[in-house]
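Note sheet for the following structure.
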Amino acid sequence: MQPSIVRGVDPKQLNEIYPLEANVIAGELSALNDGSFNVALGTSLAQSLGLNLHDKVTLLIPDASSTIAGVTPKFKRLTVAAIFRTGTAYDDRNGFINICDADRLFKMHGGVTGIQMRLADELNAPQIVASLHEKLGQRYWITDWSTEYSSFFEALKMEKMVMWCILCLIIAVAAFNLVSSLVMMVTDKRVDIAILRTMGATAKDVMGIFFAQGAIIGLVGTLLGLIFGLLLAYNVTAIVEYIQNLFNVQFVAEDVYLIGFVPSQIKYADVVFVCGISFVMSLLATIYPSWRAANIAPAEALRYE
């Protein structure tokens with residue numbers, strides 16, 4: 001026994017709302033014909049029930065009917081005509097049958113319990129829901145993905161903020177390493193700096209030399225991080241999947257994150273912002289070593305040379 005959501009759909013329009021055509025691993029969605037009582041199941045739901053293509057499965061409908069034997073639930077024998085895998089929580093609890101078959105099973109007499117639609121831009125869903133509420137009033141229950149999974153997205157928002165803090169700390173550690181390296185270099189080059197000062201170099205010139213060196217190090221490090229970061233981001237889904245298969249582990253649980261893979265979407269505004277912060281922090285990290293180099297007294301540096 002497995003709880004599931006069975007939706008009556010028009011097979012011709014199913015792929016417009018649920019893009020399952022490319023995710024079918026067995027059978028065909030076109031087999032959900034009127035009167036066939038065929039069903040398409042998610043791969044996780046089919047595996048939990050031990051079902052394969054063309055197997056029979058009994059659907060228990062929560063609609064009791066009175067008979068001579070008493071009040072009993074309704075049962076219907078269905079045939080598995082397709083199995084799909086999306087890699088999301090939809091595979092765990094969803095099934096699809098022909099809308100005409102669903103009409104007979106649930107005795108809707110040509111009616112429907114709800115209408116689903118897919119938007120060209122999913123980010124417009126909250127505005128469209130508000131507009132429909134205004135037009136239709138309280139007679140209809142209207143919801144969208146942002147309210148249905150609001151707690152999940154709030155958790156992701158908090159996780160993103162924490163990741164930003166961790167990222168800034170990582171950049172700060174790198175900047176501190178840059179400070180340490182330049183300070184050690186200033187200490188090592190005290191005599192050279194003193195000789196430059198005696199040859200006519202000003203404190204501003206010395207400071208500019210170390211500032212330019214720190215800026216070059218920061219720029220090269222930022223560019224290398226940008227290149228390797230983009231390569232990793234473009235291929236992170238395949239890399240994580242390979243590691244999961246190699247070590248038989250699961251980094252992303254479908255029952256927690258609603259998906260079973262690591263998605264990747266590169267936002268170039270964030271890339272530019274992070275690279276900008278990295279370069280600015282590297283410039284700030286060069287200020288103290290450059291100031292320290294500029295304030296070396298030539299006489300003190302050359303006293304024991």
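Please read these numbers as outputs of a predicted model, since none were measured by experiment. Computation of the quantities below employed the complete heavy-atom set of this structure, encompassing side-chain atoms and omitting hydrogens, waters and symmetry-equivalent molecules.
In this structure, I115 places its CD1 atom where only 12 or fewer heavy-atom neighbours from other residues, nucleotides or ligands lie under 6.0 Å away. Few gaps surround CD on Q2; more than 12 heavy atoms of other groups in view lie less than 6.0 Å from it. Residue F228 places its CZ atom among 12 or fewer non-hydrogen atoms of other residues, nucleotides or ligands, all under 6.0 Å distant. Crowding of H133 atom NE2: a count of heavy atoms from other residues, nucleotides or ligands under 6.0 Å exceeding 12. By the 6.0 Å contact criterion, CE on M184 is open, its count of non-hydrogen atoms from other residues, nucleotides or ligands being 12 or less. Atom CZ of F153 sits in a crowded spot, with more than 12 heavy atoms from other residues, nucleotides or ligands closer than 6.0 Å.
Contact detail for P263 and V236: the closest heavy-atom pair is O-CG1, 4.5 Å. When all heavy atoms of P298 and A194 are compared, the closest pair comes out as CA-CB, 3.7 Å. Scanning all heavy atoms of the two residues, the minimum distance from K76 to L105 falls at CG-CD2, 3.5 Å. Taking each heavy atom of C100 and D34 in turn, the nearest pair found is CB-OD1, 3.2 Å. Nearest heavy atoms, T237 versus V262: OG1-O, 2.6 Å. Of all heavy-atom pairs spanning I83 and L51, the tightest one is CD1-O, 4.2 Å.
Taking hydrophobic clusters as Ile, Leu, Val, Met, Phe, Trp and Tyr residues chained together by side-chain heavy-atom distances below 4.5 Å, V249 shares a cluster with V240. A single hydrophobic cluster is not seen to contain both V186 and Y288; linkage of ILVMFWY side chains at heavy-atom distances under 4.5 Å, directly or through other members, places them apart. Follow the hydrophobic side-chain contacts under 4.5 Å out from M108 and you reach V39 in the same cluster. Grouping the Ile, Leu, Val, Met, Phe, Trp and Tyr side chains by contacts below 4.5 angstrom, directly or via other members, places L136 with L119. Using a 4.5 Å cut-off between side-chain heavy atoms of Ile, Leu, Val, Met, Phe, Trp and Tyr, with links allowed through other members, V6 and V57 fall into the same hydrophobic cluster.
S131 places no side-chain N or O within 3.5 Å of a backbone atom of Q127 that could act as its donor or acceptor partner. A donor-acceptor contact shorter than 3.5 Å links the side chain of N245 to the backbone of E241. Panel note: side chain N38, backbone A81; no donor-acceptor pair is recorded below 3.5 Å. A donor-acceptor pair under 3.5 Å links the side-chain atoms of W145 to the main chain of E122, judged by distance alone. Listed for the D101 side chain is a donor-acceptor partner under 3.5 Å among the backbone atoms of G35. In this structure, the side chain of D91 engages the main chain of T86 through a donor-acceptor pair within 3.5 Å. A side-chain donor-acceptor contact under 3.5 Å links D55 to the backbone of N52. Using modelled atom types, one side-chain atom of N15 and one backbone atom of L20 make a donor-acceptor pair closer than 3.5 Å.
For D144, the salt bridge (Lys or Arg N to Asp or Glu O under 4.0 Å) criterion is met by no residue, not counting sequence neighbours. Under the side chain to side chain contact (heavy atoms under 4.5 Å, CB included) criterion, V9 pairs with R7, L14, F96, sequence neighbours left out. Qualifying side-chain hydrogen bond (donor to acceptor under 3.5 Å, both in side chains) partners for Q47, counting only residues two or more places apart in sequence or in other chains: T43. In this structure D205 satisfies the side-chain hydrogen bond (donor to acceptor under 3.5 Å, both in side chains) test together with T202, sequence neighbours excluded. For L230, the side chain to side chain contact (heavy atoms under 4.5 Å, CB included) criterion is met by L226, Y234, I266, V271, not counting sequence neighbours. In terms of the side chain to side chain contact (heavy atoms under 4.5 Å, CB included) criterion, residue partners of N33 (sequence neighbours excluded) are, by chain and number, S36.
Put simply, the side chain of V274 reaches to within 4.5 Å of the side chain of W164, judged on heavy atoms. Residues R118 and I17 form a side-chain contact, since some pair of their non-hydrogen atoms from C-beta on lies under 4.5 Å apart. Residues R292 and F210 are not in side-chain contact: their nearest non-hydrogen atoms beyond the backbone lie 4.5 Å or more apart. Put simply, the side chain of L59 reaches to within 4.5 Å of the side chain of I61, judged on heavy atoms. With contacts defined as side-chain heavy-atom distances shorter than 4.5 Å, the pair L196/D192 does not qualify. Using a 4.5 Å heavy-atom threshold, the side chains of R197 and V206 count as touching. Using a 4.5 Å cut-off on side-chain heavy atoms (C-beta onward), K160 and L156 make no contact. Looking at S278 and I171, their side chains come closer than 4.5 Å, going by heavy atoms from C-beta outward.
To the nearest 0.5 Å, atom CD of residue Q116 and atom OG1 of residue T143 are 10.5 Å apart. Atom-to-atom distance recorded for S282:OG and L219:CG is 8.0 Å, nearest 0.5 angstrom. One finds the CD1 atom of I142 at 4.5 Å from the CG atom of L132 (value rounded to the nearest 0.5 Å). Here R104 contributes atom CZ and F37 contributes atom CZ; the two are 5.5 Å apart, rounded to the nearest 0.5 Å. Taken from CD1 in I170 to SG in C165, the straight-line distance is 11.5 Å, to the nearest 0.5 Å. With rounding to the nearest 0.5 angstrom, the CH2 atom of W291 is 11.0 Å from the CD1 atom of I296.
Defined by atom type and a distance below 3.5 Å, a donor-acceptor pair is present between the side-chain atoms of K56 and T79. Side-chain contact annotation: S4 with R93, donor-acceptor N/O pair under 3.5 Å absent.
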Let me see the working for D103 and I99 under side chain to side chain contact (heavy atoms under 4.5 Å, CB included), right down to the final yes or no.
CA-CA 6 Å; D103 181 51; I99 191 170; 5.8 Å; no
